[in-house]
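Written below as structure tokens is the structure these notes are about.
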Amino acid sequence: MSLLSVQAAQERINSHFKAVETETLSLAQCTARVLAADILSSDLPPFDNSSVDGFAVKARDLAETASASPRTLRVVADIPAGSASDIALAHGQAARIMTGAPLPKGADAVIMVEDTDFNNRNTGTPAPEIVQAFKKINPGENIRRRGMDVKTGHKVLFAGNKLRAQDMGLLAMLGVAKVTVYRKPRVALLSSGDELTPVELPLMPGKIRDSNSYVLASMIADAGCEVLPLGIALDRYNDIQFLLDQAISMNADVIVSSAGVSVGAFDFIKEVVESQGRLDFWKVNMRPGKPLAFGEYRGVPFIGLPGNPVSAFVGFEVFVRGALGRLAGLKTVARAKVRVRLAEAVESDGRESYLRVVVEDDGQGLFVKLAGHQGSGNLLSLVQANALLVVPAGVKSLAIGAQAEAWLL
Ligand code: AMP
Ligand code: MG
């Protein structure tokens, strides 16, 4: 069987995934959800308001003012934040105003309280009857004009983006109480292998813990999806079939499994999936994680990752994250990538390699060192790593000081 390039495998997988349906939720339920419709703004801020605590004035009244020649104004209104005044300032008049409060008619500037003889900024203190200003002021000073941040009709948030904290705040500012987002895709997850023991149970001779379930469940949740944990399938036809049928009855959008994709006598996954679907076994030109299975079971896409813990992790990063991102409606799913310099030489066998590395900043840029030995079962080196260094296909070695791309984990 010939080797499939990473990119060709990604394209084959991605072509089977498109966004799930949308749902409309109250804003508070939308944290980290994927927006399904563009959001148009109204004017922000919604009205002219003061950016300081002080006195709203007519700037012309203070055109000649200086500390040596103060100007006295009559205070005719008091406008705390949250209230509006319908007075209109005449020449020689001022209104006490708090940060964020609407500018009264007739005013075109705000003089800061520090530039007056009234130094008490506590709310609750009555406004003075007169105030002395010590400074010249220009029209527009200390005013946030309606629409100065964004004007009505501007597209401010885009379908296909995950809602971050600041996005949530903008939606609230705009009064968007109900938001249309993509529903969370459901990802059924199973581990397979007779050697696997759940973390709660004692280890019998020859057995190991099922760690992939925990690694992959975290990655699925991090990709914005709901995990449907199926547990461990023993290397038995009926066991595997039972769990796959559970995935179907739970309405999974995709089934992800680990192990049982290398050609081995006890790997029944192929037989079961093909009984009611199809399954292709690929050898991908990458390391770790060369064997990969892709197909569908009873109409639901099935991705079979390799069993070795690091291979399963890298396989998820390279193939599953993108597929889940498409299901979730995300416009872009790529991890943050950085250019790094190698602090030590690295060897590869010519396959596209994802090496566990530690990225550090030495003050002149980012450099990387290997995080430990790169065996595909060595989860500790992945724990110690903070990035994957990508050695492109066809490259057999990179010298000290060479530049490469790293994916920050
Ligand atoms: P396999 O693909 O079934 O040949 O498994 C490859 C290697 O990965 C074997 O050493 C398995 O014991 C190990 N392995 C498989 N599944 C898991 C799992 N869920 N957690 C930890 N190691 C696993
Ligand atoms: Mg196995």
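As the structure is a prediction and not an experimental result, all values here were calculated from the model. Both ligands and their constituent atoms are indexed starting at 1 by order of listing.
- Taking every non-hydrogen atom of R209 and a distance limit under 4.0 Å, the qualifying atoms of ligand 1 come out as 20 (N), 21 (C).
- Distances below 4.0 Å separate heavy atoms of E195 from the following atoms of ligand 1: 11 (C), 12 (O), 15 (C).
- Among the atoms of S213, none of the N or O lies under 3.5 angstrom from an N or O of ligand 1.
- Taking each of D194, I208, L305 in turn, the one with a heavy atom nearest to atom 22 (N) of ligand 1 proves to be I208.
- The distance from ligand 1 to the heavy atoms of G260 drops below 4.0 Å at these ligand atoms: 1 (P), 2 (O), 3 (O).
- Here the heavy atom of the protein found nearest to atom 7 (C) of ligand 1 is N308 OD1, 3.5 Å.
- S211 counts as a contact of ligand 1, since one of its heavy atoms falls under 4.0 Å from the ligand.
- Remark: the backbone N or O of Q384 is not paired with any side-chain donor or acceptor of R356 at under 3.5 angstrom.
- A salt bridge links D245 to R298: at least one charged side-chain nitrogen sits closer than 4.0 Å to a carboxylate oxygen.
- Atom 19 (N) of ligand 1 has D210 OD1, 2.8 Å as its closest protein atom, hydrogens excluded (heavy atom only).
- Under a 4.0 Å criterion applied to the non-hydrogen atoms of S191, ligand 1 contributes the atoms 19 (N).
- Within the 4.0 Å heavy-atom criterion, the part of L196 lying near ligand 1 is the side chain and not the backbone.
- Counting only residues at least two apart or on different chains, the side-chain hydrogen bond (donor to acceptor under 3.5 Å, both in side chains) pairs with a member in residues 98-108 are D53-T99.
- Between R145 and D48, some side-chain heavy-atom pair lies under the 4.5 Å cut-off.
- Minimum heavy-atom separation, F158 to D38: CA-OD1, 3.5 Å.
- In this structure, of G307, S192, S311, the residue bringing a heavy atom nearest to atom 13 (C) of ligand 1 is G307.
- Salt bridge annotation for D280-R12: absent, with no cationic side-chain nitrogen under 4.0 angstrom from a carboxylate oxygen.
- Partners of H16 by ring pair (Phe, Tyr, Trp, His ring centres under 6.0 Å), not counting sequence neighbours, listed by chain and number: F294.
- Residue-ligand proximity, N212 to ligand 1, at heavy-atom distances under 4.0 Å covers atoms 16 (N), 17 (C), 18 (C), 19 (N), 20 (N), 21 (C), 23 (C).
- Minimum heavy-atom separation, P309 to L379: CB-CD1, 4.1 Å.
- Scanning all heavy atoms of the two residues, the minimum distance from V359 to N386 falls at N-OD1, 2.7 Å.
- If you check which protein heavy atom lies closest to atom 4 (O) of ligand 1, you get S262 OG, 3.4 Å.
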